[in-house]
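Single-structure report; data block below.
A note on names: the letters A, B, ... follow the listed sequences, proteins ahead of strands, and every chain is numbered from 1.
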Amino acid sequence: MYQPLPEAFYARDTVLVARELLGALLVHINDEGITVGKIVETEAYLQGDPACHAARGMTPRNSVMFGPPGRAYVYFTYGLHYCFNVVTAAAGIGEAVLIRAVEPLAGIHLMKKRRGRERLTELCAGPARLVQAFGITKQHNNTDLTNGPLFIAAAAAPPPQIHVTTRIGIKEGADLPLRFYIKGNKFISKK
DNA sequence: AGTACGATTAGCT
DNA sequence: GCTAATCGTACTC
């Protein structure tokens with residue numbers, strides 16, 4: 001029913017991918033059930049960008065970013081949270097798009113159970129929140145988003161109006177306009 | 001071997 | 001608005 005976007009979708013300019021991911025559907029199927037949400041907020045992390053994990057060369061943690069596009073880059077931060085990215089561009093480049101917020105569409109009961117929250121706006125508005133709501137774990141790091149239980153499907157609606165701002169929660173590169181979200185959407189992580 | 005800190009969140013003032 | 005929670009990672013000595 002949902003068809004994963006092909007590797008060719010991810011193997012393009014990272015900013016373009018970040019913009020075109022808005023409206024696309026994040027899908028995860030596991031033994032607990034299926035969860036689906038519309039991607040409403042993304043951030044691009046680029047080569048030569050001081051905020052990018054890959055900016056200072058390859059390390060064990062960021063090596064996935066240098067791998068083929070269309071893989072999941074899941075990293076641990078603040079001692080208790082995970083964030084989910086899609087690897088973009090081409091192998092060896094080290095760029096990715098952080099998925100920052102999703103609008104819940106299906107599997108909402110499961111999301112509520114995983115999050116321990118009832119309000120829809122508290123389920124998937126924030127990078128670590130959506131990871132928890134979708135049951136994404138460190139086991140998904142480096143998994144193939146074009147062929148597997150965790151994937152992204154093409155948008156069901158025409159391209160949305162996009163708002164561009166600076167990125168959230170970073171110190172270096174904080175002035176770059178690399179955050180994208182769907183104008184007027186109620187499930188954004190922050191105004 | 002030691003240490004500083006982070007692409008966050010929740011709860012409290 | 002402020003800050004504790006919490007630990008893997010990267011970097012220094």
Side-chain angles (χ1 to χ4, degrees), chain A residues 10 13-19 21-22 24 26 35 37 39-67 69-89 93-104 111-143 145 150 152 162-182 185-191:
Chain A
Y10 301 99
D13 175 80
T14 298
V15 168
L16 180 65
V17 175
R19 297 176 67 101
L21 278 173
L22 295 177
L26 178 64
T35 44
I39 296 172
V40 298
E41 179 181 348
T42 62
E43 285 179 356
Y45 288 85
L46 308 178
Q47 193 174 51
D49 160 15
C52 181
H53 285 173
R56 283 168 288 278
M58 198 176 342
T59 67
R61 174 169 79 151
N62 70 22
S63 63
V64 172
M65 292 185 71
F66 292 92
R71 301 292 187 91
Y73 170 47
V74 180
Y75 70 87
F76 185 62
T77 190
Y78 290 104
L80 62 168
H81 297 301
Y82 291 91
C83 293
F84 166 65
N85 303 249
V86 302
V87 177
T88 55
I93 302 292
E95 299 191 341
V97 173
L98 171 70
I99 309 300
R100 281 198 59 91
V102 162
E103 176 177 337
M111 294 180 186
K112 288 178 176 177
K113 179 182 148 204
R114 286 169 172 158
R115 291 273 303 126
R117 290 287 183 287
E118 285 297 314
R119 295 190 63 225
L120 281 186
T121 52
E122 293 182 357
L123 294 182
C124 303
R129 287 171 163 181
L130 73 89
V131 159
Q132 189 180 20
F134 274 75
I136 297 170
T137 70
K138 62 184 174 190
Q139 308 303 122
H140 292 96
N141 191 38
N142 203 28
T143 57
L145 297 172
L150 175 65
I152 297 171
I162 300 175
H163 202 81
V164 184
T165 71
T166 55
R167 295 170 293 182
I168 308 256
I170 55 168
K171 294 170 106 170
E172 298 184 280
D175 54 332
L176 300 174
L178 293 174
R179 174 172 176 248
F180 310 94
Y181 64 84
I182 296 180
N185 189 276
K186 301 175 189 65
F187 298 89
I188 301 302
S189 67
K190 288 192 172 115
K191 274 187 293 190

Next item on the list: Name the residue closer to the 5' end of DNA chain B, choosing between A:R115 and A:L98 according to the nucleotide with the nearest heavy atom.
Entry: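 Closest to the 5' end, via its nearest nucleotide, is A:L98.
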Check: Does A:R100 use its side chain to pair, donor to acceptor, with the backbone of A:R167 at less than 3.5 Å?
Finding: no
Would you mind classifying the nucleic acid contact of [X] as base, sugar-phosphate or nothing, using non-hydrogen atoms under 4.0 angstrom?
X	result
A:A128	sugar-phosphate
A:R61	sugar-phosphate
A:R117	sugar-phosphate

Next item on the list: Compare every heavy atom of A:K186 with every heavy atom of A:T121, then report the nearest pair and how far apart it is.
Entry: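 Nearest pair, atom of A:T121 first, then A:K186: CG2-O, 4.0 Å.
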Mind calculating the distance between [atom1] ([X]) and [atom2] ([N]) to the nearest angstrom?
X	N	atom1	atom2	answer
A:L130	B:dT8	CG	C1'	12 Å
A:E172	B:dA7	CD	P	10 Å
A:H81	B:dG11	NE2	C1'	12 Å
A:L123	B:dT8	CG	C1'	17 Å
A:L178	B:dA7	CG	C1'	12 Å
A:H53	C:dG8	NE2	P	16 Å

Can you identify which nucleotide, out of [options], has its nearest atom closest to the [X] side chain?
X	options	value
A:L80	B:dA7, B:dT9, C:dA5	C:dA5
A:F76	C:dG8, B:dA7, B:dT9	C:dG8
A:T59	B:dA7, B:dA10, C:dA10	C:dA10

Check: Is a side-chain donor-acceptor pair under 3.5 Å present for A:Y82 with A:H140?
Finding: no
Check: Side chains of A:Q132 and A:R114: do they bring a donor and an acceptor to under 3.5 Å?
Finding: no
